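Here the structure comes first, spelled out in structure tokens, and everything after it is commentary.
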2 protein chains.
Amino acid sequence: MAQVPISHRPNLLDQLSPREREILPLVAQGKDNREIGSILFISEKTAKNYVTSIRKKLGLKNRTQIALFALKEGIISLEETNE
Amino acid sequence: MAQVPISHRPNLLDQLSPREREILPLVAQGKDNREIGSILFISEKTAKNYVTSIRKKLGLKNRTQIALFALKEGIISLEETNE
DNA sequence: CCTGTCGTGTCATATCATGTACCAGAAGAA
DNA sequence: TTCTTCTGGTACATGATATGACACGACAGG
């Protein structure tokens, strides 16, 4: 238990906007900004901004940690990752 | 089943050198090259090279996918990641 | 004993992707 | 109006990727 209990965290996910919640699982599946952009029909730049915003809100260092976070939270499962 | 059965994969992990097998879990835990270098007392450049080699041997696109792979293979568990 | 050759470990350079720090306009809701 | 969200942008710093290079030990053949 090297981690803050969920009950003590004021819902990190609720701090994310709806669009950010769309971006999150894509990052967690190992997709890069260009892929995310083409999936959601936005520019790579915008995708980048969302990832940065997500990372800051969740207090994470990089997108690999975003993936680990998403798995811990059950936002994605290992089965729904590409490979 | 969008994936090659394990029995048909000739042990991807066996293709990794001993040193690469040390790097793999660190990457999978979301550590960056600088951290990996300081943990293993090698330069950031060398750590970088190992990650590239691992990624190519495993046929993955980036280090987030390395993390997902390591989790699927049970090389690391979500509990042993930092945050 | 020599001499390749191979795997491994190490580090470097160059280029591309990602991250950081902003700014700003459009649209809709409060 | 004011606020949030979504969208795209610039500029720069850092991280990641592609590739090359060298040293070393192991090992086989000569």
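Chain identifiers are assigned alphabetically (A, B, ...) following the order of the sequence lines, protein sequences preceding nucleic acid strands; residue numbering begins at 1 within each chain. Any value given below was found using the heavy atoms of this structure, including those in side chains, with hydrogens, waters and symmetry copies removed. The structure presented is a predicted model; accordingly, all values stated were derived computationally and were not measured.
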Revision key, fill the gap. B:Ser17 and B:Lys57 have their tightest heavy-atom pair at N-NZ, 4.1 Å

Under 3.5 Å between N/O atoms: give me all the protein pairs with nucleotides 25-30 of chain C, atom names plus distance.
none

[X] vs [Y] side-chain heavy atoms within contact, under 4.5 Å:
X	Y	value
A:Leu78	B:Phe69	no
B:Arg21	B:Leu24	no
A:Glu35	B:Lys61	yes
A:Ile36	A:Tyr50	no

Check your understanding: Across the strands shown, which category fits B:Ser43 at heavy-atom distances under 4.0 angstrom: base, sugar-phosphate, nothing?
Key -> sugar-phosphate

Check your understanding: Within the structure shown, what part of the strands sits under 4.0 Å from A:Ser17 by heavy-atom distance: base, sugar-phosphate, or nothing?
Key -> sugar-phosphate

Round to the nearest Å and state the distance from [X] atom [atom1] to [N] atom [atom2].
X	N	atom1	atom2	value
B:Leu16	C:dG7	CG	P	15 Å
B:Leu60	C:dA17	CG	P	18 Å
A:Ile36	D:dC6	CD1	C1'	16 Å
A:Gln15	D:dT4	CD	P	14 Å
B:Ile42	C:dT8	CD1	C1'	13 Å
A:Ile23	C:dT18	CD1	C1'	15 Å

What pairs with [X] under side chain to side chain contact (heavy atoms under 4.5 Å, CB included), at least two apart in sequence or on another chain?
X	value
A:Lys56	A:Thr52
A:Lys48	A:Asn33
A:Asn49	none

Review point. Taking only side-chain nitrogens and oxygens of B:Tyr50, does any of them come within less than 4.0 Å of OP1 or OP2 of C:dT10?
Key: yes

Check your understanding: Hey, is the side chain of B:Thr46 poking within less than 4.0 Å of OP1 or OP2 on C:dG9, counting only N and O atoms?
Key -> no

Check your understanding: When every nucleotide of nucleotides 10-17 of chain D is labelled 5' to 3' by its protein contacts under 4.0 Å (heavy atoms), B for base, S for sugar-phosphate only, - for none, what sequence of letters results?
Key -> B----SBB

Revision key, fill the gap. Taken in chain and number order and not counting sequence neighbours, the residues that satisfy salt bridge (charged side-chain N to carboxylate O under 4.0 Å, His left out) with A:Arg19 are A:Glu22

